Every structure is written in C-alpha cells, then in structure tokens.
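The structure under discussion appears below in the form of structure tokens.
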Amino acid sequence: MKKINISILLSLLFSFVLIAQSNNSYLIKAGKVFNSEKGVFVKNRQILVQGKFIKKIAANIKVDKGTKIIDLSGYTVLPGLIDSHTHILEQFAMNKNNTAGTLENIFTKDDAYRALRSVGLLKSYLASGFTTIKDVGNSGKFLDVSLKRAVKEGLIKGPRIIAAGPIMSSVGGQFPGISSDYDFIPATEYRIIKSPDDARFAVREHINYGVDVIKICADNSPNNTALTYDEIKAIVETAHRFNKKVSAHATKTLSITDALNAGIDGIDHGYGISDDLLKVMAQKGTYLIPTDYHVAPIGFKYHALNGWTKQRTNKLKKKLNHRLNFAINNNVKIAFGADIYVDFEIPRGDAAKNVFNAYLDAGATANQILQYATYNAADFLGYKNKLGVIKSGATADIVAFKGDLEKDFNKIFNNADLVIKNGKIIINKITPPNRNK
C-alpha cells in the first residue's frame, strides 16, 4: 500500500477550499449603503461577499471573471435589521391582551401549536428585513431555544434568534388577578425567583438549557410585586460571570433604580423612568429599549378597540415622547425593540417596523432609528462588529430597499426587495436578480 504524501494532500485540500469560496462569492453594487457605525449614508459602494461573511466594501472592487454581480444601483442597502424585544411564541387578538387572553393562549394552544404558529411570524420578520431578533420570554419552557436551533439547522426559515428562555420574575409573573388556587400557572411561563441563591441557580439553569441572554422582570407590571435588589444583583453577577447580558422589564422608579445599581445591561420599556434616571443610564452606558408600539399608528387602533379615549392616548404619547426625546438629547444608548405580540392584522415584521413611527414622532431622525436597529442593537446583544454592520469580517446580513431611504424614509415600511442572511439570498424580488461579470 502506497503512503499518502501529506503535503500534496493538504495542498489539494487548500485548493478545494479556495475553489469553494470562489464559487460562493458575489459582488453587490449598491446605489447607497448605510454606514451604521457612523449613522450616515454613503453613495456608490461595492460589497464583496464570500461565504457567510463580508470580504470587503469599497468604492470599487476588482473581482475574478465569472463572479456573480448583483446590481443594486437603484437601491438603498442596509445591514440586516435587529429587533431587540420580541415575543415570538405569543399572538393575541387586539381585544385579548389581558389575563384571560394570556390564559387562553397557554391552555388552549399546546407547545406544538405555538411553535408552528411562530414559523409564519418568523418568515414575516425576514420579509420585512429583520435578520436577527432577541426573543425575551413568554415562550413556555424554552420553546424559543428550540426555535433558535430549528432556524440554525435550516429546518425553518427565520431571523437568527437570540433566546432568553422563561423570564425571571417575582411571585405571580405578569398574571394579575390569578387566584391563589392557581398559583402554579405563572410558573408555566416564568421562572419564579424565590431568593438570591435561587436566582443564581436559575441563571445557571437557563444557561445549561441553551439561552443566549437573560431577561428579568425587575417589576412584574401589570402585577404589583418586584424582584429585590439582592435578587437582581445575584442574577446580573452570575450571568456576567458566564458572559451573558441581562435586560430588565422595568417601568417603575424603584425597580429601574435597583436594576441600574445592580449593573443591568438594558432597561426594556422604561415607561415611568425619570429624567434623572435617564442621566444615570447615560453615565453607566446602559441601553434603553423603548418599546413604544402604544404610540405608533398601530397602537392608536389598538387603544380605540379597547376603549381608550383620545385624551388618554395623547397623554401617554406626550409622556413617552418626552422620555425618548430626553434620552436622545442626553446620549443614552438606545437599541430598537418593538414588543409586538398582538395581532395588528398586518404581518408581524411590518408591525415591528411600524414602531419606527413612534421614534420619529419623538424626535429621532431616520439615520438614528436605523442605527438603533442595526449597530446599537448588535452592540447591546454582544455582537458588535459581527452583526448590524456592513464591513470587512462581519456576517453577511444585508437588506436592500428600492429607492432612496435617506430622502423617503417611509419606504422602509415596504417589504424588502432583497434579504441576505449568513451570505445566502433568502428573499429576492429583484428582476433580473444578477449577472456574471
């Protein structure tokens, strides 16, 4: 038997790898590209994609003969959008966003049904240009982790999922009015924390079951209890020990204060936050995730259906707009999060982007909003320079919209014409789609 020459074998293997990489390369010629790091649009850029990654972006790139060319000269190209606050396992009718609706969702929809329903919701996020979502609970016993794996393995199509598992909460979860005879129900959707030691165990438990981040209810509004400072501190310290970030549902002054003092990475909602606490967030570099669907156009329809007066809606709008505007003007870090779990009778991904309107109304510019939903969101999730950017070495998550978004931002509410995730073209509405050089 002849001996195999190792050096020749390695040389052949290297050649095969280069050929494979070359065959999986293409060049995008973009009319405009959003530089998410700087928050500006730049004209006439070329993007070379090789495999799952962006190889290079420049004004002019020389490529080998036969390289596929995707002509997007009439398009605006963005990094894949990121929604930092989703509930992919929930879907309520607009008149059932209450305890009764939540119980119906749990007890009349088994895990298989909830997971299968999510498949369509995930596809709608992709169709709208979201290539990454952070799912923050209300997902049964780690159903979001299972969906994450299914997407990663290619069993279903969807954005990559950053999964949090069951929300860590004080007694009762977010089920107001539950009788003590049924106190077991919140534990079906939440991880009820009973002490600082239990909090530490819960974090290790979550990490063992495959979560990427930790989500807590610093206060569990609309219920009336909260985690203690010591419990929040134990969660944050343990999570950070394992390089996991922690974000908090927090709406009240005391719970926001405790979460900030405990070293939380992000405050979700922050509806009742004071100006002074926003300044603290700026000093600490803590992210705010403003989930302001309540005052987006879809929210007004929702409020009207549920008996809200225009006066009540406008009062909330004024309050939330001040909160977001103050945060912007005082350099608070902001990551986009929509918090859509109600069926607004439009695709879930489009409903999420509808929340951009609330940001605009509060004084954010189009460039800032896109930065919140790309570069900032990636930084908040721990994927800085990997996601949310179009630069050398970043994952090739790319979305293209026909026209000039810088001049007509509302076009972003149209479905994306091209969606690329991990270098693969997932959605393509461009005709003809490409040509060879």
Side-chain angles (χ1 to χ4, degrees), residues 83 85-125 133-151 155-159 161 163-192 206 209-211 215 217 220-225 249 268-269 291 293-294 298-299 301-308 338-352:
D83 188 338
H85 192 117
T86 72
H87 296 283
I88 200 66
L89 276 305
E90 284 192 317
Q91 177 84 325
F92 298 114
M94 280 190 279
N95 63 342
K96 290 190 175 182
N97 183 19
N98 49 40
T99 299
T102 303
L103 293 177
E104 179 183 324
N105 185 59
I106 295 171
F107 291 111
T108 66
K109 309 291 191 299
D110 60 21
D111 287 355
Y113 179 91
R114 293 175 71 180
L116 289 169
R117 181 180 61 190
S118 297
V119 174
L121 301 178
L122 289 169
K123 287 181 179 178
S124 81
Y125 276 109
I133 62 171
K134 176 189 174 188
D135 199 68
V136 291
N138 300 115
S139 51
K141 294 293 186 182
F142 300 98
L143 290 179
D144 54 347
V145 174
S146 296
L147 283 175
K148 175 187 75 169
R149 290 170 178 164
V151 170
L155 301 178
I156 57 176
K157 288 186 178 181
I161 298 174
I167 302 170
M168 298 184 188
S169 170
S170 177
V171 61
Q174 291 175 285
F175 290 83
I178 291 289
S179 165
S180 61
D181 292 337
Y182 302 98
D183 60 0
F184 66 90
I185 290 176
T188 64
E189 289 288 300
Y190 295 81
R191 175 56 166 87
I192 305 302
H206 272 48
Y209 290 134
V211 305
K215 168 72 183 303
C217 277
N220 49 338
S221 58
N223 227 324
N224 56 2
T225 63
H249 167 108
D268 292 65
H269 315 307
T291 56
Y293 76 87
H294 296 283
I298 54 174
K301 180 179 179 181
Y302 163 73
H303 290 161
L305 186 63
N306 286 276
W308 283 45
D339 193 23
I340 304 298
Y341 55 91
V342 171
D343 182 4
F344 289 106
E345 300 174 347
I346 59 175
R348 175 71 71 91
D350 289 349

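Keep in mind that what you see is a predicted model, and the values were worked out from it rather than measured.
Going from atom NE2 of H294 over to atom CG of D339 covers 6.5 Å, rounded to the nearest 0.5 Å. In this structure, the separation between CD1 on I192 and OG1 on T225 is 8.0 Å, given to the nearest 0.5 Å. A distance of 9.5 Å separates CZ of R117 from CD1 of I88, quoted to the nearest 0.5 Å. Taken to the nearest 0.5 Å, the NE2 atom of H249 stands 16.0 Å off from the CE atom of M168. A distance of 10.0 Å separates NZ in K215 from OG in S139, rounded to the nearest 0.5 Å. Rounded to the nearest 0.5 Å, atoms NE2 (H303) and CD1 (I298) are 10.0 Å apart.
Nearest heavy atom pair, residue P159 against residue I133, reads CG-CG2, 3.9 Å. Of all non-hydrogen atoms in I340 and Y125, the two that sit nearest each other are O-OH, 4.4 Å. Between L121 and Q91, the closest heavy-atom pair is CD2-NE2, 3.9 Å. Considering all non-hydrogen atoms of both residues, R114 and N138 come closest at NH2-O, 3.0 Å. Contact between H87 and V136 at its shortest, heavy atoms only, is CE1-CG2, 3.5 Å. Here the shortest heavy-atom pairing between Q174 and S221 reads NE2-O, 2.8 Å.
Proximity of a side-chain donor or acceptor of S169 to a complementary backbone N or O of C217 within less than 3.5 Å is not detected. For D144 (side chain) and G165 (main-chain N/O), a donor-acceptor pair under 3.5 Å exists by modelled atom type. D343 places no side-chain N or O within 3.5 Å of a backbone atom of A93 that could act as its donor or acceptor partner.
The side chain to side chain donor-acceptor pair (under 3.5 Å) search around Y293 returns Y341, not counting sequence neighbours. Listed by chain and number, the residues in a side chain to side chain donor-acceptor pair (under 3.5 Å) with S118 amount to none (sequence neighbours excluded). Remark: D268 engages H85, S247, I289 in a side-chain contact (heavy atoms from CB on, under 4.5 Å) (not counting sequence neighbours). Here K109 pairs with nothing under the salt bridge (Lys or Arg N to Asp or Glu O under 4.0 Å) rule; sequence neighbours left out. Residues passing the side-chain contact (heavy atoms from CB on, under 4.5 Å) test with S146, sequence neighbours excluded: none. Evaluation of the side-chain contact (heavy atoms from CB on, under 4.5 Å) rule for I156 yields V119, L122, L147, A150, V151 as partners, not counting sequence neighbours. Residues that satisfy the salt bridge (Lys or Arg N to Asp or Glu O under 4.0 Å) test with R348, not counting sequence neighbours, are absent from this structure. Every residue two or more places apart in sequence or in another chain that forms a side-chain contact (heavy atoms from CB on, under 4.5 Å) with K301 is listed here: M94, E345. D135 is linked by a side chain to side chain donor-acceptor pair (under 3.5 Å) to T86, counting only residues two or more places apart in sequence or in another chain. With sequence neighbours excluded, the residues satisfying ring-ring contact (aromatic ring centres under 6.0 Å, His included) with F142 are H206, Y209. For K123, the side chain to side chain donor-acceptor pair (under 3.5 Å) criterion is met by no residue, not counting sequence neighbours.
In summary, the side chains of D350 and S124 do not present any donor paired with an acceptor at a separation below 3.5 Å, with no hydrogens or angles considered.
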